[in-house]
Amino acid sequence: MAEEKSQMQLIKEYIETCPLLKNNKINVDYLNSKDYSYSIDRTPVNPIFKQYRDGGKIYQIAFDFSITFPIGSKALLNLINSKFCEDFMQWVENQDNKRVYPEISGARSITCTSPGYVLSKTETSAIYIIQMNFKYYKAR
């Protein structure tokens, strides 16, 4: 019998369909130090977003999408990184508008809840984070 995939595995596979990614390979809870490495990392949040009287609930999964980018003293390189974050957020919004979601039963929405921002940096690379949220409904 095939083992069921975890929710994070399904979210990972979904984000890997984004045409903006350089290598379409995303890690979970691990970000490589090489440029253009990607990871999704679950963040703490109350898993129950809303509860209905009939016992049904809307659950949420909050996670960070992390990217390692090259940076430099020339603004152009850093602006390219910023543009990637804007384009990725637009891709997510377009997917949500079309109701294209990770293959999780009861999927309701996927959104970016923060713009891309620098978490940490060295002289040659930076880790950018985009906070995200996925919601799904489960009947009682």
Side-chain angles (χ1 to χ4, degrees):
M1 184 171 175
E3 190 174 314
E4 217 175 294
K5 293 181 180 179
S6 72
Q7 292 173 325
M8 288 303 283
Q9 174 71 27
L10 294 169
I11 291 170
K12 171 190 176 306
E13 291 172 1
Y14 169 80
I15 294 176
E16 285 176 338
T17 67
C18 178
L20 301 169
L21 305 184
K22 293 256 188 227
N23 60 15
N24 293 3
K25 172 97 168 87
I26 297 177
N27 292 307
V28 177
D29 297 332
Y30 173 76
L31 188 62
N32 196 316
S33 60
K34 294 189 307 188
D35 292 340
Y36 306 107
S37 295
Y38 311 99
S39 180
I40 56 170
D41 314 294
R42 204 160 185 164
T43 58
V45 67
N46 184 344
I48 299 170
F49 179 74
K50 185 174 187 177
Q51 186 165 352
Y52 297 101
R53 290 182 186 209
D54 67 359
K57 296 175 184 163
I58 294 184
Y59 291 88
Q60 64 180 342
I61 299 170
F63 60 98
D64 291 337
F65 176 54
S66 307
I67 313 113
T68 304
F69 280 128
I71 61 169
S73 60
K74 301 215 187 287
L76 181 61
L77 182 60
N78 304 335
L79 288 170
I80 290 169
N81 298 340
S82 185
K83 177 79 166 97
F84 171 90
C85 292
E86 291 172 11
D87 291 346
F88 179 80
M89 291 175 63
Q90 187 62 57
W91 178 81
V92 170
E93 184 177 329
N94 291 342
Q95 296 297 96
D96 188 58
N97 289 340
K98 293 187 280 187
R99 301 188 185 285
V100 177
Y101 301 122
E103 293 183 19
I104 296 173
S105 180
R108 290 284 171 96
S109 69
I110 189 161
T111 57
C112 295
T113 57
S114 79
Y117 63 91
V118 176
L119 176 69
S120 65
K121 60 185 169 182
T122 66
E123 284 187 29
T124 59
S125 69
I127 296 173
Y128 285 72
I129 302 282
I130 298 172
Q131 296 172 332
M132 299 184 68
N133 189 282
F134 173 73
K135 291 185 177 76
Y136 63 100
Y137 174 79
K138 223 188 235 187
R140 184 173 182 199

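What you see is a predicted model; the values in this text were computed from it and never measured.
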> Can you find a pair of side-chain heavy atoms, one from F84 and one from L20, that are under 4.5 Å apart?
Replying inline: yes
> Would you say the side-chain atoms of D96 and Y101 include a donor-acceptor pair closer than 3.5 Å?
Replying inline: yes
> Is there a donor-acceptor contact under 3.5 Å from the side chain of T68 to the main chain of N32?
Replying inline: yes
> Please walk me through it: do D54 and R140 pass side-chain contact (heavy atoms from CB on, under 4.5 Å)?
Replying inline: CA-CA 7 Å; D54 67 359; R140 184 173 182 199; 5.7 Å; no
> Within the distance-only criterion (no hydrogens, no angle test), does the side chain of N78 pair as donor or acceptor with the backbone N or O of G72 below 3.5 angstrom?
Replying inline: yes
>> Looking at every non-hydrogen atom in both residues, tell me the closest pair between M89 and G116 and how far apart they are.
In response: SD-N, 4.0 Å
> Taking the side chain as C-beta and beyond, is there a heavy-atom pair between Y59 and I48 under 4.5 Å?
Replying inline: yes
> Taking atom CZ of F88 and atom OH of Y38, what is their separation to the nearest 0.5 Å?
Replying inline: 9.5 Å
>> In the structure I gave you, are the side-chain heavy atoms of K12 and K5 within less than 4.5 Å of one another anywhere?
In response: no
> If only atom types and distance count, is the side chain of T122 paired as donor or acceptor with the main-chain N or O of T124 below 3.5 Å?
Replying inline: yes
>> Rounded at 0.5 Å granularity, tell me how far OG in S82 sits from OH in Y128.
In response: 6.5 Å
> Taking C-beta and beyond as the side chain, do I40 and I26 meet within less than 4.5 Å on heavy atoms?
Replying inline: yes
> From N81 CG over to L76 CG, what is the distance, rounded to the nearest 0.5 angstrom?
Replying inline: 10.0 Å
>> Looking at every non-hydrogen atom in both residues, tell me the closest pair between Y52 and K57 and how far apart they are.
In response: CD1-N, 4.3 Å
> Should V92 and I129 be counted in the same cluster of Ile, Leu, Val, Met, Phe, Trp and Tyr side chains packed under 4.5 Å apart?
Replying inline: no
> Looking at OG of S114 and CD1 of I130, how far apart are the two atoms once the value is rounded to the nearest 0.5 Å?
Replying inline: 7.0 Å
>> Taking the side chain as everything from C-beta on, heavy atoms only, tell me whether Y14 gets closer than 4.5 Å to L10.
In response: no
> Can you hop from F134 to I15 via hydrophobic side chains spaced under 4.5 Å?
Replying inline: yes
>> With a 6.0 Å cut-off (strictly less than), is the heavy-atom count around CD of E103, excluding the residue itself, greater than 12?
In response: no
> Applying the 4.5 Å side-chain criterion to the ILVMFWY set and letting contacts propagate, would L31 and F65 be lumped into a single cluster?
Replying inline: no
>> Starting from I110, can I reach V45 by hopping between I/L/V/M/F/W/Y residues whose side chains sit under 4.5 Å apart?
In response: no
> Strictly by modelled atom types, are D64 and S66 linked by a side-chain donor-acceptor pair under 3.5 Å?
Replying inline: no
>> Quiz question: by atom type and distance under 3.5 Å, do the side chains of Q90 and E86 form a donor-acceptor pair?
In response: no
> Can you find a pair of side-chain heavy atoms, one from L77 and one from F69, that are under 4.5 Å apart?
Replying inline: no
> What distance do M132 atom CE and T43 atom OG1 have between them, rounded to the nearest 0.5 Å?
Replying inline: 11.0 Å
> With the 4.5 Å side-chain cut-off for hydrophobic clustering, are V28 and L21 part of the same group?
Replying inline: yes
> Can you check whether K121 reaches I71 side chain to side chain, under 4.5 Å on heavy atoms?
Replying inline: yes
> Which heavy atom of P102 sits nearest a heavy atom of A107, and at what distance?
Replying inline: O-CB, 4.1 Å
>> Can you tell me if Y137 has over 12 outside heavy atoms packed within less than 6.0 Å of its OH?
In response: yes
>> Any heavy-atom pair between the side chains of I104 and I11 that's under 4.5 Å?
In response: yes
> Which value, rounded to the nearest 0.5 Å, describes the distance between F63 atom CZ and M8 atom CE?
Replying inline: 6.5 Å
